Amino acid sequence: MLTLTFLVKTLIDLYVMVLLLRIWMQWARTDFYNPFSQFVVKITQPVIGPLRRIIPPLGPIDSASLLLAFLLCTLKFPLLLLIQSGGIYIGLSNLLIGLIGLVKAAGYLVFWLVIIRSLMSWVSQGRGPMDFLLLQLTEPLMSPIRRILPAMGGIDFSAMVVILILYMLNYLGMDLLGALWFQL
C-alpha cells in the first residue's frame with residue numbers, strides 16, 4: 001500500500017506543479033518558444049485545451065489550469081485515504097484541504113525553481129535558454145530581497161532568504177495542521 005500511495009501522491013503532485021508552472025509562466029509572460037516552456041505546454045495541453053473552451057481565462061490567470069490543479073489537490077486526499085484505509089470521506093472540508101494542498105504545491109514549486117536557478121548559476125552562468133526562463137520566473141521573488149540585502153562579497157543571498165522563508169512557512173503549516181500537512 002505504501003508503494004501505491006507514493007506513486008499516486010507523486011504523480012498528482014508533479015502534474016499539479018506542472019499546471020502551476022504553466023499558470024506562473026503565463027502570468028510572468030515568459031518566452032513560450034523556450035524548449036522547456038514548450039514541454040510544459042505539450043504535457044498540459046491535452047487536458048487544458050478542452051477545458052479552456054468551457055472556462056475562459058481571467059486576465060493573465062489561466063483559470064482552466066488553476067481549476068484543474070485545485071480539483072486534483074481536492075481529490076488527492078480522499079484518494080489517498082481510500083488507498084491507505086479502504087474508506088473514503090467526501091465533504092466540504094475537502095475543498096479547504098484542496099486549497100491548502102494547492103498552496104503547499106505552489107510553495108514546493110517556488111522552492112525547486114529557486115534551487116535549480118541557484119545550481120544552474122554555478123554551471124551555465126546565465127547563458128542558456130533555461131537560465132533566462134528561470135530568471136523570468138524567480139526574479140520577482142528575489143529582487144525585493146536583493147534591495148534589502150545586497151550581495152556581500154560577490155555572493156547573492158537572496159535565494160537563501162527565499163528558501164528560508166519557504167521553510168518557515170512549511171514549519172508553520174506543520175504547526176497548524178499536524179499530520180494532515182504531511183499527507184497533502
Side-chain angles (χ1 to χ4, degrees), residues 9-10 12-44 48 57-74 76 96-177 181-182 184:
K9 187 176 183 324
T10 302
I12 291 174
D13 286 344
L14 285 175
Y15 200 71
V16 165
M17 282 200 281
V18 170
L19 288 168
L20 290 174
L21 184 60
R22 180 179 174 137
I23 295 166
W24 193 3
M25 287 178 3
Q26 287 178 350
W27 178 75
R29 292 188 172 102
T30 61
D31 179 21
F32 269 86
Y33 293 106
N34 185 304
F36 185 74
S37 299
Q38 290 294 312
F39 166 75
V40 170
V41 169
K42 284 181 183 177
I43 201 167
T44 56
I48 297 301
L58 298 171
I61 303 296
D62 183 10
S63 54
S65 298
L66 186 62
L67 179 66
L68 182 61
F70 173 70
L71 288 175
L72 285 173
C73 286
T74 303
K76 181 176 74 171
L96 180 61
I97 291 171
L99 182 65
I100 293 168
L102 190 65
V103 170
K104 185 178 178 181
Y108 276 129
L109 178 64
V110 171
F111 173 80
W112 284 112
L113 288 178
V114 169
I115 290 285
I116 292 168
R117 178 183 172 189
S118 298
L119 291 175
M120 287 186 71
S121 72
W122 295 344
V123 177
S124 64
Q125 299 170 352
R127 289 188 278 269
M130 185 71 179
D131 291 320
F132 184 66
L133 178 73
L134 289 171
L135 177 81
Q136 287 178 313
L137 291 173
T138 59
E139 195 58 29
L141 299 170
M142 295 168 73
S143 64
I145 294 170
R146 218 175 276 123
R147 276 186 237 123
I148 297 169
L149 182 71
M152 293 180 224
I155 299 173
D156 183 17
F157 289 104
S158 60
M160 187 183 302
V161 172
V162 169
I163 289 171
L164 287 173
I165 290 170
L166 289 171
Y167 263 102
M168 182 191 69
L169 292 173
N170 193 30
Y171 277 104
L172 180 66
M174 284 187 259
D175 286 341
L176 294 176
L177 298 174
W181 185 257
F182 294 107
L184 297 177

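Count residues from 1 along the sequence. Values below: all heavy atoms of this structure, side chains included; hydrogens, waters and symmetry mates excluded. A quick note: this is a predicted structure, and the numbers were derived from the prediction, not measured.
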Nearest 0.5 Å, what's the CG-CD1 distance between Leu68 and Ile48?
-> 5.0 Å

Closest non-hydrogen atom pair, Cys73 against Gly98 = CB-O, 3.4 Å

Nearest heavy-atom approach of Ala69 to Val16 is O-CG2, 3.9 Å

What's the shortest heavy-atom distance between Thr138 and Leu134, and which atoms?
-> OG1-O, 2.7 Å

Does the side chain of Ser37 pick up a donor-acceptor pair with the side chain of Asn34 at under 3.5 Å?
-> no

Shortest non-hydrogen contact from Leu133 toward Phe36 | CD2-CD2, 3.4 Å

Side-chain heavy-atom pair Leu109, Leu113 within 4.5 angstrom cut-off | yes

State which residue, out of Leu21, Asp62, Leu19, fulfils the side-chain contact (heavy atoms from CB on, under 4.5 Å) condition with Thr44.
-> Leu19

Indicate yes or no: at least one non-hydrogen side-chain atom of Val103 is less than 4.5 angstrom from one of Leu169.
-> no

Please indicate whether Phe111 has more than 12 foreign heavy atoms, meaning atoms of other residues, nucleotides or ligands, lying under 6.0 Å from its CZ.
-> yes

Rounded to the nearest 0.5 Å, what's the gap from CG on Leu72 to CD1 on Ile12? Could you check?
-> 6.5 Å

Spatial distance of atom CG (Leu141) from atom OG (Ser158) [nearest 0.5 Å] | 10.0 Å

Residues two or more places apart in sequence or in another chain: which of them pass side chain to side chain donor-acceptor pair (under 3.5 Å) with Trp181?
-> Asn170

With side chains defined as the heavy atoms from C-beta onward, is the minimum distance between Thr10 and Leu14 less than 4.5 Å?
-> yes

Nearest-0.5 Å distance that lies between atom CH2 in Trp24 and atom CE in Met17 | 12.0 Å

Would you please name every residue forming a side chain to side chain donor-acceptor pair (under 3.5 Å) with Glu139, sequence neighbours left out?
-> Arg117, Arg146

If you take all heavy atoms of Arg29 and Gln136, which pair is closest and at what distance?
-> O-NE2, 4.1 Å

Roughly how far apart are Ser118 OG and Ile163 CD1, rounded to 0.5 Å?
-> 5.5 Å

What's the spacing between Ile100 CD1 and Thr74 OG1 if we round to 0.5 Å?
-> 10.5 Å

Enclosure of Phe32 CZ (heavy-atom neighbours >12, cutoff 6.0 Å) = yes

For Lys9, enumerate each residue passing the salt bridge (charged side-chain N to carboxylate O under 4.0 Å, His left out) test, keeping only those at least two apart in sequence or located in another chain.
-> Asp13

Mark yes when over 12 heavy atoms from residues, nucleotides or ligands other than Met174 sit less than 6.0 Å from its CE; otherwise mark no.
-> yes

